[in-house]
Trainee: 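Supplied in structure tokens, the structure appears directly below.
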Amino acid sequence: MMTEKKMGIINRCLPHGSAHGRESLDLTLAMSAFNESISLFFIGDGVYQLLAGHSPADILQKHYQPLFKMLELYDIENIYVCSASLRQRRLTTEMLIIEVTPLAREQLQVKLAEQQQLLSF
């Protein structure tokens with residue numbers, strides 16, 4: 001019997017200026033077809049990826065943020081944000097475009113340690 005592998009994808013980069021945010025989201029959606037236990041983590045500047053009101057056309061980049069709504073359709077429910085990262089940037093979970101679970105740094109470390117494989121963007 002094959003056991004489910006816990007995979008965590010860490011997002012630390014700003015949403016625009018590089019392809020990391022889009023690549024992370026694409027990978028998450030693709031991996032959901034093969035793995036039922038995917039957790040997304042937004043840490044540091046990565047929390048900006050979930051902030052409403054992006055205008056990437058101003059810097060000639062594609063707007064991938066609406067794809068975050070697809071996470072629910074793909075049954076990706078383990079979406080965590082670092083509470084300290086939100087506080088440092090004067091953001092709240094209500095300002096984000098999807099529902100997330102805020103975690104203190106200690107809780108975040110525990111969740112990360114539970115993953116069998118981690119990928120960081």
Side-chain angles (χ1 to χ4, degrees):
M1 187 166 113
M2 195 169 160
T3 59
E4 178 177 289
K5 190 172 199 174
K6 288 187 172 191
M7 176 178 285
I9 299 175
I10 304 169
N11 295 277
R12 299 177 189 269
C13 294
L14 290 167
H16 304 292
S18 77
H20 294 303
R22 174 63 191 250
E23 289 171 354
S24 169
L25 185 55
D26 287 345
L27 176 68
T28 301
L29 296 173
M31 289 300 299
S32 70
F34 303 102
N35 189 339
E36 292 183 19
S37 183
I38 297 177
S39 296
L40 284 176
F41 299 91
F42 293 87
I43 301 170
D45 285 342
V47 299
Y48 286 122
Q49 291 185 35
L50 301 176
L51 185 62
H54 289 218
S55 299
D58 296 344
I59 56 172
L60 305 175
Q61 290 201 336
K62 289 190 176 186
H63 193 40
Y64 68 90
Q65 201 177 34
L67 292 177
F68 280 109
K69 300 285 185 183
M70 304 251 333
L71 293 172
E72 186 177 348
L73 296 173
Y74 283 72
D75 292 326
I76 298 170
E77 300 167 350
N78 301 325
I79 305 170
Y80 306 104
V81 295
C82 175
S83 297
S85 296
L86 287 175
R87 255 191 327 278
Q88 289 168 349
R89 289 156 182 81
R90 296 190 172 113
L91 301 175
T92 64
T93 56
E94 291 79 21
M95 300 167 83
L96 306 180
I97 59 167
I98 58 173
E99 197 169 312
V100 298
T101 302
L103 297 176
R105 289 195 195 275
E106 301 78 26
Q107 295 170 305
L108 195 57
Q109 289 174 343
V110 169
K111 285 287 183 193
L112 288 169
E114 290 174 357
Q115 308 306 307
Q116 293 169 303
Q117 187 171 11
L118 288 170
L119 299 170
S120 182
F121 288 85

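Each residue takes its place number in the sequence, starting with 1.
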Trainee: Find the distance between CD (Gln115) and CG (Asn78) and round it off to the nearest 0.5 Å.
Mentor: 8.0 Å
Trainee: Is any side-chain heavy atom of Ile10 closer than 4.5 Å to one of Leu112?
Mentor: yes
Trainee: Just wondering, do Asp45 and Arg89 contact through their side chains at under 4.5 Å, heavy atoms?
Mentor: yes
Trainee: Under 4.5 Å between any side-chain heavy atoms of Leu40 and Leu71, yes or no?
Mentor: yes
Trainee: Restricting to non-hydrogen atoms, name the atom on Met7 and the atom on Leu119 that form the minimum distance, rounded to 0.1 Å.
Mentor: SD-CD1, 4.2 Å
Trainee: Restricting to non-hydrogen atoms, name the atom on Val47 and the atom on Ser85 that form the minimum distance, rounded to 0.1 Å.
Mentor: CG1-CB, 3.9 Å
Trainee: Are Ile97 and Tyr74 in one and the same hydrophobic cluster, where Ile, Leu, Val, Met, Phe, Trp and Tyr link if side-chain heavy atoms are under 4.5 Å apart?
Mentor: yes
Trainee: Please check if Met95 and Leu50 belong to a single hydrophobic cluster, counting links between Ile, Leu, Val, Met, Phe, Trp and Tyr side chain heavy atoms closer than 4.5 Å.
Mentor: yes
Trainee: Taking all atoms of both residues into account, what is the closest heavy-atom pair of Ser83 and Pro102, and its distance?
Mentor: OG-CB, 3.5 Å
Trainee: Mind checking the CD1-CE spacing from Ile76 to Met70? Nearest 0.5 Å is all I need.
Mentor: 9.5 Å
Trainee: Taking Ser24's backbone N and O only, do any of them form a donor-acceptor pair with Thr28's side chain (distance below 3.5 Å, no angle check)?
Mentor: yes
Trainee: Would Leu14 end up clustered with Phe68 when hydrophobic side chains under 4.5 Å apart are linked, directly or stepwise?
Mentor: yes
Trainee: Hey, could you give me the CG/CG distance between Leu91 and Leu51, rounded to the nearest 0.5 Å?
Mentor: 5.5 Å
Trainee: Indicate if Phe41 and Leu86 have the same hydrophobic cluster label, given that clusters are the connected sets of ILVMFWY residues with side-chain heavy-atom separations under 4.5 angstrom.
Mentor: no
Trainee: For atom CD of Glu72, decide whether the heavy atoms of other residues, nucleotides or ligands shown that lie under 6.0 angstrom number more than 12.
Mentor: no
Trainee: Heavy atoms, side chains only, cut-off 4.5 Å: are Lys111 and Ser39 in contact?
Mentor: no
Trainee: Can you tell me if Gln117 has over 12 outside heavy atoms packed within less than 6.0 Å of its CD?
Mentor: yes
Trainee: Do Leu29 and Leu73 sit in one hydrophobic cluster, given that two such residues count as connected whenever their side-chain heavy atoms are within less than 4.5 Å of each other, even indirectly?
Mentor: yes
Trainee: Donor-acceptor pair, distance only, cut-off 3.5 Å: does the side chain of Gln49 make one with the backbone of Pro15?
Mentor: no
Trainee: Where do Arg12 and Ser120 come nearest, in terms of heavy atoms and distance?
Mentor: NE-OG, 3.4 Å
Trainee: Mind listing the closest non-hydrogen atom pair of Ile38 and Ile9 along with its distance?
Mentor: CG2-CD1, 4.3 Å
Trainee: Are Cys82 and Arg105 side-chain neighbours, meaning at least one heavy-atom pair lies under 4.5 Å?
Mentor: yes
Trainee: Does any part of the side chain of Leu67, heavy atoms only, come nearer than 4.5 Å to the side chain of Arg22, both counted from C-beta?
Mentor: yes
Trainee: Would a 4.5 Å heavy-atom cut-off, applied to side chains only, mark Phe42 and Ile79 as touching?
Mentor: yes
